[in-house]
Amino acid sequence: MKIIIGNDHAATDLKWEILEYVKELGHEVENYGTDTKDSCNYPDYGEKVARAVAEGKADCGILICGTGVGISIAANKVKGIRAAVCSDTATARLVKQHNNANILAFGARIVGGELAKDMVKAYLEAEFMGGRHAERIQMIADIENRQ
Ligand code: RB5
């Protein structure tokens, strides 16, 4: 799979760890995040990754900020994006199986490296289950289309 990763200054170290791990899992990964710890604005990175995923430039995205919340809120403003903030492995699996989340988000100040890697693996290996879940995702798209 092709994956785009993005992060703000709070998540630079974890970004590198996750980027290497995603490569180890055999995926191609492109880095759209900041590479320094200088203060920056997470909406810029959330939007950048979300637009690329929405345009089909990657199969999915990974976004990391301090909590995972701000960057995912920003990403979710882009049409077609379902960015899910996770802090446990079961949820990371379920957001793909049930919600077909196209971006996994988490917080570098919330989860440690090992848990983050477990979540990334669970998310990337899971498959969308379709059926009733597809109908619900369509309902979400309908909300977006009514804006
Ligand atoms: C940056 O200090 C922090 O606010 C950001 O990384 C994130 O946690 C926002 O949701």
Side-chain angles (χ1 to χ4, degrees), residues 1-126 128 133 136-147:
M1 272 194 278
K2 165 99 184 269
I3 293 143
I4 298 176
I5 196 165
N7 62 286
D8 74 357
H9 58 282
T12 305
D13 288 341
L14 186 56
K15 184 267 296 291
W16 291 124
E17 200 175 336
I18 295 300
L19 188 145
E20 286 310 315
Y21 181 64
V22 169
K23 281 192 205 162
E24 277 169 32
L25 292 177
H27 302 289
E28 187 188 338
V29 54
E30 206 169 336
N31 173 23
Y32 281 22
T34 183
D35 292 342
T36 78
K37 294 181 187 175
D38 299 340
S39 184
C40 63
N41 300 313
Y42 59 79
D44 289 335
Y45 299 95
E47 181 183 8
K48 217 165 138 187
V49 171
R51 287 205 186 280
V53 171
E55 287 165 12
K57 291 182 179 157
D59 297 288
C60 60
I62 296 175
L63 285 173
I64 326 171
C65 66
T67 59
V69 174
I71 205 162
S72 62
I73 291 174
N76 278 318
K77 296 297 177 192
V78 174
K79 192 171 181 178
I81 289 302
R82 292 176 301 280
V85 192
C86 295
S87 52
D88 68 272
T89 307
T91 307
R93 181 178 302 110
L94 280 163
V95 299
K96 176 71 79 56
Q97 290 178 332
H98 287 196
N99 314 114
N100 204 14
N102 44 17
I103 295 183
L104 174 70
F106 45 88
R109 293 173 179 161
I110 306 297
V111 300
E114 290 310 308
L115 176 54
K117 285 189 244 177
D118 279 355
M119 292 195 300
V120 165
K121 189 169 192 286
Y123 169 76
L124 294 177
E125 287 180 353
F128 178 50
H133 303 295
R136 290 163 184 162
I137 283 166
Q138 185 54 52
M139 290 172 73
I140 295 172
D142 292 345
I143 297 171
E144 210 167 49
N145 290 329
R146 286 197 292 271
Q147 296 304 304

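From a predicted model like this one, the values you see are computed outputs, not experimental measurements. Counting starts at 1 for both ligands and their atoms, in listed order.
Across D59, I3, V120, a single residue satisfies side-chain contact (heavy atoms from CB on, under 4.5 Å) together with H27, and that is I3. Evaluated for a side-chain contact (heavy atoms from CB on, under 4.5 Å) with L63, the options V49, L104, D8 yield exactly one hit, V49.
Listed by atom number, the atoms of ligand 1 under 4.0 Å from H9 heavy atoms are 1 (C), 2 (O).
Between G66 and ligand 1, an N or O atom pair is found at a separation short of 3.5 Å. Ligand 1 has an N or O atom lying under 3.5 Å from an N or O atom of G70, backbone or side chain. The shortest N/O to N/O separation between Y42 and ligand 1 does not fall below 3.5 Å.
For the pair K77 and E47, the salt-bridge criterion is not met [side-chain N within less than 4.0 Å of a carboxylate O].
In this structure, the side chain of R109 does not engage the main chain of A10 through any donor-acceptor pair within 3.5 Å. When atom types are taken as modelled, the side chain of K15 and the backbone of T34 share a donor-acceptor pair closer than 3.5 angstrom.
Dense packing is recorded around NZ of K2, with more than 12 heavy atoms of other residues, nucleotides or ligands lying under 6.0 Å away.
Considering only non-hydrogen protein atoms, atom 5 (C) of ligand 1 sits nearest to D8 OD2, 3.2 Å. The protein atom (non-hydrogen) at minimum distance from atom 3 (C) of ligand 1 is R109 NH1, 3.8 Å. From the protein, the heavy atom lying nearest to atom 8 (O) of ligand 1 is T67 N, 3.0 Å.
Contact annotation for A10 and ligand 1: only side-chain heavy atoms (C-beta onward) come within less than 4.0 Å of the ligand.
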